[in-house]
Protein chains: 2
Amino acid sequence: MRIGELSTRTGVPVPTIKYYLREGLLPAGELTSPNQAQYGDAHVRRLKLVRALLDVGKLSIAATRTVLDSIDAPDNSLHDRLGIAQHALNPAPAGDPDSADLLEARERADRLIAERGWLVESPGPARDTLTQVLHSYLELGQQDLLVVLDDYADAVESLAASEIATVGRRSDPDSQVEGVVLGTVLGDALITALHRLAQEDASARAFAALG
Amino acid sequence: MRIGELSTRTGVPVPTIKYYLREGLLPAGELTSPNQAQYGDAHVRRLKLVRALLDVGKLSIAATRTVLDSIDAPDNSLHDRLGIAQHALNPAPAGDPDSADLLEARERADRLIAERGWLVESPGPARDTLTQVLHSYLELGQQDLLVVLDDYADAVESLAASEIATVGRRSDPDSQVEGVVLGTVLGDALITALHRLAQEDASARAFAALG
DNA sequence: GATAGTGAACAGTATTGCTATCCATAAGGA
DNA sequence: TCCTTATGGATAGCAATACTGTTCACTATC
């Protein structure tokens, strides 16, 4: 198939596909002559994946490229490839000089990780992000909302275990990496959407006059 | 205090504060002369809130303004104000013409909401986002990952209930709205961070060679 | 009285994610 | 065979976002 059909099959405009090709998000088609190339089903699938990461996962072009590269890297272990993807997803926060609140936030984060026995890169992007979020709660005087922290942790722990178990059941290793990465990126979007719905419901029950 | 002190107390550069003032994210200080204004602790707090929504919550300036306006709106109910905030957080997705996958995604979303008995705006932003995310799963052939959907829903349902209960314990209604909104925005960031950590841990246990 | 800070208005900038234009060539129908 | 349209490749342009810098008349403070 040529680029026009690739465009109609995915709904992505031709100039945009060309842009993704330039940016290395999509592999080039097979050139049959200097200005003709063939694309296949793999390109259709890849393009849908790119759009999902960009639109649903809200990744930048650069982050998308890194994530895709980590999926494609053939020589690393599954866990290493997930690590590469995670670094692309959590750009290191700026971070002011250390305030008292920041130190307390970091301590809380470390304590949580230690109590759970989570095997994570200890000064890593995920921990830093958690620290930053906790710092915001403290700085804004929302400590009371942190009573649910352990419930949050319980929930995501079992969810992650289910996700990884599901993916582990797949036979193809490449499909496994893709599953783990999509579990992270789309999983976040899914949890966020459900969280909003559940909050709307809880708020309706608590605060709204119900007919 | 003058703008310079507001800047040093919050770490936000003076030109940026001026920009936020222009954008209506921060109320003007009290003018004591044509080119002198006084700011108070309320401004410090508000500025920290703005930065938290922008940096941690990753909101745009426009979304931040809408969210802040909904917090400030004095005449609406708590639930209405949360609704305004939710609309600002979930910009309506573009949405292609309806494909088979899209219809199935919408059906799944509606079924989930119905089974849970969630009281939500039925064609609302949260449901649309959920539909879009489910659509991505289906389109990318990741249906097997949706086995955890009900677990996700269980988790967020109890989390949202805890959050709303916590906030309901507060005496000041303004603080309640702020709590609900921050529970949504910061809560999303918190869950995302924890989800990444838990996935890293689960991946390490399943895939990595452990010393 | 010198120096630095201030509010207000406005212009400029860096980045991001596309779009548009151009070109020589190729495909596919009349 | 001619003619319209599509293609790959390259480069330029554009709209939106979130600042940043510049100028101005003035004010606070040392």
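Naming: A, B, ... by sequence-line order, numbering from 1 per chain.
- Going from atom CD1 of B:Ile3 over to atom P of D:dT27 covers 17 Å, rounded to whole Å.
- The interatomic distance linking B:Glu23 (CD) with C:dA8 (P) rounds to 15 Å, in whole Å.
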Please write out the pairs of protein N or O atoms and N or O atoms of nucleotides 2-4 of chain C separated by less than 3.5 Å, giving the distance to one decimal.
none

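- By the 4.0 Å N-to-carboxylate-O rule, B:Asp101 lies too far from B:Arg108 to be salt-bridged with it.
- Whole-Å rounding puts the A:Leu6 CG to D:dA6 P distance at 16 Å.
- No side-chain donor-acceptor contact under 3.5 Å links B:Arg196 to the backbone of A:Gln86.
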Next on the checklist: Applying side chain to side chain contact (heavy atoms under 4.5 Å, CB included) to B:Leu25 and B:Leu53, what does each step give before you reach the verdict?
Outcome noted: CA-CA 11 Å; B:Leu25 305 185; B:Leu53 293 176; over 6 Å; no
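- B:Tyr20 and B:Arg51 are linked by a side-chain donor-acceptor pair at a separation below 3.5 angstrom, with hydrogens and angles left out of the test.
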Checklist outcome for this item: In B/S/- notation (B base, S sugar-phosphate only, - none; protein heavy atoms under 4.0 Å), nucleotides 14-30 of chain C written 5' to 3' is ---BBB-----BSS---
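- Atoms CD and CG, from A:Gln199 and A:Leu197 in turn, are 10.5 Å apart once rounded to the nearest 0.5 Å.
- Looking at A:Asp144 and B:Arg170, a side-chain N of the basic residue comes within less than 4.0 Å of a carboxylate O on the acidic one, giving a salt bridge.
- No engagement by B:Leu21 is indicated, since no non-hydrogen atom pair under 4.0 Å with the nucleic acid exists.
- Between A:Glu107 and A:Arg111 there is a salt bridge, with a side-chain nitrogen of the basic residue lying less than 4.0 Å from a carboxylate oxygen of the acidic one.
- One atom, CG of B:Leu31, and another, P of D:dT27, lie 12 Å apart when rounded to the nearest Å.
- Using a cutoff of 4.0 Å between basic side-chain nitrogens and carboxylate oxygens, B:Asp72 and B:Arg65 are not scored as salt-bridged.
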